[in-house]
2 protein chains.
Amino acid sequence: MANIRDIARLAGVSVTTVSRVINNQPYVSAEKVSAVKEAMKKYNYHRNINAVHLSRGKTHLIGVVIPFSNHPYFGLLIEGIANAALDHNYKVVLIQTNYEKAKEMEALKMLEDKQIDALIICSRISSWDVIESYLAHGPIILCEDSRNEKISSTFIDHYKAFTLALDYLYEKGHRQIGYSIGRQTGTNSTQRERAYKDFLSKHSLPFEINHIFTDRFHVEDGVDVVESLLKMQHRPTALLVTSDQVAAGIVTSIRERGLSVPKDLAIMSFDNQPISKVMHITTLEIPLVVTGKKLFQQALTVKKLHMKKSTSV
Amino acid sequence: MANIRDIARLAGVSVTTVSRVINNQPYVSAEKVSAVKEAMKKYNYHRNINAVHLSRGKTHLIGVVIPFSNHPYFGLLIEGIANAALDHNYKVVLIQTNYEKAKEMEALKMLEDKQIDALIICSRISSWDVIESYLAHGPIILCEDSRNEKISSTFIDHYKAFTLALDYLYEKGHRQIGYSIGRQTGTNSTQRERAYKDFLSKHSLPFEINHIFTDRFHVEDGVDVVESLLKMQHRPTALLVTSDQVAAGIVTSIRERGLSVPKDLAIMSFDNQPISKVMHITTLEIPLVVTGKKLFQQALTVKKLHMKKSTSV
DNA sequence: TCTTGCTTTGAAACGCGTTTCATATCATAC
DNA sequence: GTATGATATGAAACGCGTTTCAAAGCAAGA
């Protein structure tokens, strides 16, 4: 395999000149350009990208941490990130954690090792402190409200979204509203809980712990929720569901049992994925693809400016 | 930032020795090991991974080409690949093509540039020839039947799966069976078409072009299918659907119109994703996660053996 | 005592493109 | 005619870890 020095020799120029030709830089005469290009073609030259990375000190790779790939929520986020990345000539390195801390640490280590230029964490497990300590090695962008922290983020204002949804249901006459979320802990869940409790106290409504369902991610989890509901003495009349998938499961399961939505149970879902349209589930749009795109753009910007930045969607 | 030479100097040893310590190689005395480790800690040494890549000539990165991320089919495939990769200390570089040839070419270029050690193409656009020409630069694994080609693959035997499903429906008494697929072209679709035509001629059944639906990928496409069906004079009595998502859309839409599955239209779907269980859709399991894992393992094996290999799932 | 074969250790070469800096040339400006 | 600034070009330094090869030390076996 020919390297840049071989090409330089064969074209009768210096390596600097070859480098200039490769990178389309000015200050090379037309003859030399063609001489170099010819030599490159003749010897089927391909620059060693790892040498470029070493020399330049960056890789044009961007790490993306997600818990799992088979979930539409993260699928859409990735969709946005990946498209934006490719448009800017960046590539995405996927780090799937299954919510294992060690895997997330590997991603942070990649940043430390300069294997990736920046890191986007779509769902975090490590503590703020840990992540903060890696900030020195490169930009880290989170997809959750980090306004109180030193880390940049593009996030969805789940407090607002939840409040909006709750108010909507309240206006429809619902006084016993429950909700179903994914992880119990985490910034997003905390904010939703806060919105929920604020809503309850605003309207002097009682808090019912068993109207809250946690760890519901997939369609089939919706079936479980319905089963639990049916066993209850005092059922909620409406449910906020933080995933169209789970909502689809709930709605399917309910209808199957001869009950009706929203008469027997009103459902208000989030994300606005195709399935909710098909199943006529009321859903609040969360612009995930756009968020993905912003996350990426922020990774670029933060890198250049070395400053913290947070955007709410 | 301290580099390996700094550490060598500070620990009073040679760079070779430091390298040995870093890589846990034998033939270093206990004292020197600790001296080096101390120096590394003291100066917060981190090896430059790009120098490692350059030196070793590989990156422990594996490229994965998919058309889009927001589809459960590819989500599951990625899930399998990503998990297997992480277990083997490889990282996944995601190349999302949106079925644009140029994007797929970028992936092939990455292989040529040695930016990735191997490439898995989950859904191909380029011709066999093009892909074959990149085979010299590293292992390429496809997820489609490549038994007639020079390229390795782990693939699902869609001919068999389709035949199985058709026979099942035939036994149930169906004589007018249609199908819905994703892309019209491609090995997988061709094989299904072959299975379908073979089935028809085996039972001397007529071919009805409008009983075939193409370019159906997502839930909402199922609704379209139902609309088309309802406009038909001679409707099929059963439909093979190559995606649980689309099947879910079809079933939902049909039930909504007061018709019943399977009485008015029998549905046989593929993949066996949670949604089909929730909606009680008959589905033929396609082990996508396992396929993903095999694809990865094959990428490793082929690399070592430099030989073609194909596995059917 | 001598040979054989590990165990240790390090100098130097290797992988390879980018970038800085100095030098040289040529043309336009005053 | 000289100064000024752009254009053109290359030598050498830089980024940095791995690996080969030679050499030295030491112990067990003959």
Side-chain angles (χ1 to χ4, degrees), chain A residues 1-40 43-61 89 109-117 137-138, chain B residues 1-37 39-40 43-61 89 109-110 112-117 137-138:
Chain A
M1 272 277 298
N3 63 30
I4 197 171
R5 275 161 242 271
D6 296 329
I7 298 301
R9 195 169 351 99
L10 294 161
V13 299
S14 70
V15 289
T16 315
T17 300
V18 177
S19 178
R20 286 200 185 93
V21 173
I22 294 171
N23 296 292
N24 292 311
Q25 285 169 4
Y27 301 137
V28 186
S29 64
E31 310 109 72
K32 304 230 164 177
V33 169
S34 59
V36 169
K37 283 194 172 167
E38 223 165 90
M40 291 203 292
Y43 293 89
N44 190 28
Y45 170 76
H46 283 286
R47 68 176 175 181
N48 184 321
I49 203 80
N50 292 130
V52 178
H53 290 337
L54 170 61
S55 192
R56 289 217 236 259
K58 47 185 189 154
T59 56
H60 267 233
L61 289 177
N89 211 9
K109 291 253 184 285
M110 285 180 78
L111 191 66
E112 193 170 32
D113 286 351
K114 310 271 174 228
Q115 182 160 195
I116 49 180
D117 291 352
H137 302 104
Chain B
M1 270 278 300
N3 63 30
I4 198 172
R5 276 161 239 271
D6 296 327
I7 298 301
R9 196 169 350 101
L10 293 161
V13 299
S14 70
V15 289
T16 316
T17 301
V18 177
S19 178
R20 282 199 260 265
V21 173
I22 294 172
N23 296 294
N24 293 311
Q25 287 169 4
Y27 301 138
V28 187
S29 65
E31 311 110 70
K32 304 230 164 178
V33 169
S34 60
V36 168
K37 284 193 172 167
M40 291 203 292
Y43 293 89
N44 190 30
Y45 171 76
H46 283 284
R47 69 176 175 181
N48 184 322
I49 202 80
N50 292 128
V52 178
H53 290 337
L54 171 61
S55 191
R56 289 218 235 259
K58 48 185 186 153
T59 56
H60 267 234
L61 290 177
N89 211 9
K109 290 252 183 285
M110 284 180 79
E112 192 171 33
D113 286 351
K114 310 271 175 227
Q115 184 161 194
I116 50 180
D117 291 351
H137 302 103

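Here is the naming used below: chain letters follow the sequence lines, and residue numbers restart at 1 for every chain. Remember, it's a predicted structure, so these values are computed and weren't measured experimentally. What's counted below: heavy atoms across the whole structure, side chains too, no hydrogens, waters or symmetry copies.
Going from atom CD1 of B/Ile4 over to atom C1' of C/dC14 covers 14 Å, rounded to whole Å. Atom CZ of B/Arg5 and atom P of C/dA11 are 11 Å apart (whole Å). In this structure, B/Arg9 atom CZ and D/dC16 atom P are separated by 13 Å, rounded to whole Å. Protein atom CD1 of B/Ile7 is 9 Å distant from nucleotide atom P of D/dG17, rounded to whole Å. Look at CE on B/Met40: it is 11 Å from P on D/dG17, rounded to the nearest Å. Spacing between atom NZ of B/Lys58 and atom C1' of D/dT19 amounts to 14 Å, rounded to whole angstrom units. Note: CG (A/Asn24) to P (D/dA8) measures 15 Å, nearest angstrom. If you measure from atom CD of A/Gln25 to atom P of D/dT9, you get 14 Å, rounded to the nearest angstrom.
A sub-4.0 Å separation between OP1 or OP2 of D/dG10 and a side-chain N or O of A/Lys32 is present. Proximity of A/Ser29 to the phosphate of D/dT9: a side-chain N or O atom is located under 4.0 Å from OP1 or OP2. Taking only side-chain nitrogens and oxygens, B/Tyr27 never comes nearer than 4.0 Å to OP1 or OP2 of C/dT8. Between A/Asn23 and C/dT18 there is a side-chain polar atom (N or O) within less than 4.0 angstrom of OP1 or OP2. Contact annotation: B/Tyr45 reaches the phosphate of D/dG17 (side-chain N/O to OP1 or OP2, under 4.0 Å). Listed pair A/Arg56 / C/dT18 meets the phosphate criterion, a side-chain N or O lying under 4.0 Å from OP1 or OP2.
The structure places CG of A/Asp117 at 10.5 Å from CE of A/Met110, a figure rounded to the nearest 0.5 Å.
Of the possible donor and acceptor atoms, one in the side chain of B/Asn3 sits under 3.5 Å from a partner among the backbone N and O of B/Arg5. In terms of modelled atom types and a separation under 3.5 Å, the side chain of B/Thr59 and the main chain of B/His53 share no donor-acceptor contact.
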Test log, rule side chain to side chain contact (heavy atoms under 4.5 Å, CB included), inputs A/Met40 and A/Val21: CA-CA 10 Å; A/Met40 291 203 292; A/Val21 173; 4.3 Å; yes
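Nucleic acid contact for A/Asn50: none, since no nucleic acid atom lies under 4.0 Å from a heavy atom of the residue. Within 4.0 Å of A/Ser19, counting heavy atoms only, lies at least one base atom of the nucleic acid. Residue B/Val13 is classed as a sugar-phosphate contact, given heavy-atom separations below 4.0 Å to backbone atoms only.
Counting only N and O atoms by type, the side chains of B/Ser19 and B/Thr16 include no donor and acceptor under 3.5 Å apart.
The residue among B/Ala30 and B/Leu54 whose nearest nucleotide of DNA chain C is located toward the 5' end is B/Ala30.
The side chain of A/Thr16 lies closest to D/dA11, out of D/dC16, C/dG17, D/dA11. Checking C/dT19, C/dG15, C/dG17 against the side-chain heavy atoms of B/Ser55 singles out C/dG15 as nearest. For A/Asn48, the listed nucleotide lying nearest its side chain is C/dG17; candidates were C/dG17, C/dA11, D/dG17.
One cannot find a donor-acceptor pair under 3.5 Å joining the base of C/dG17 and the side-chain atoms of A/Arg20.
The local environment of CD in B/Gln25 is crowded, with over 12 non-hydrogen atoms from other residues, nucleotides or ligands closer than 6.0 Å.
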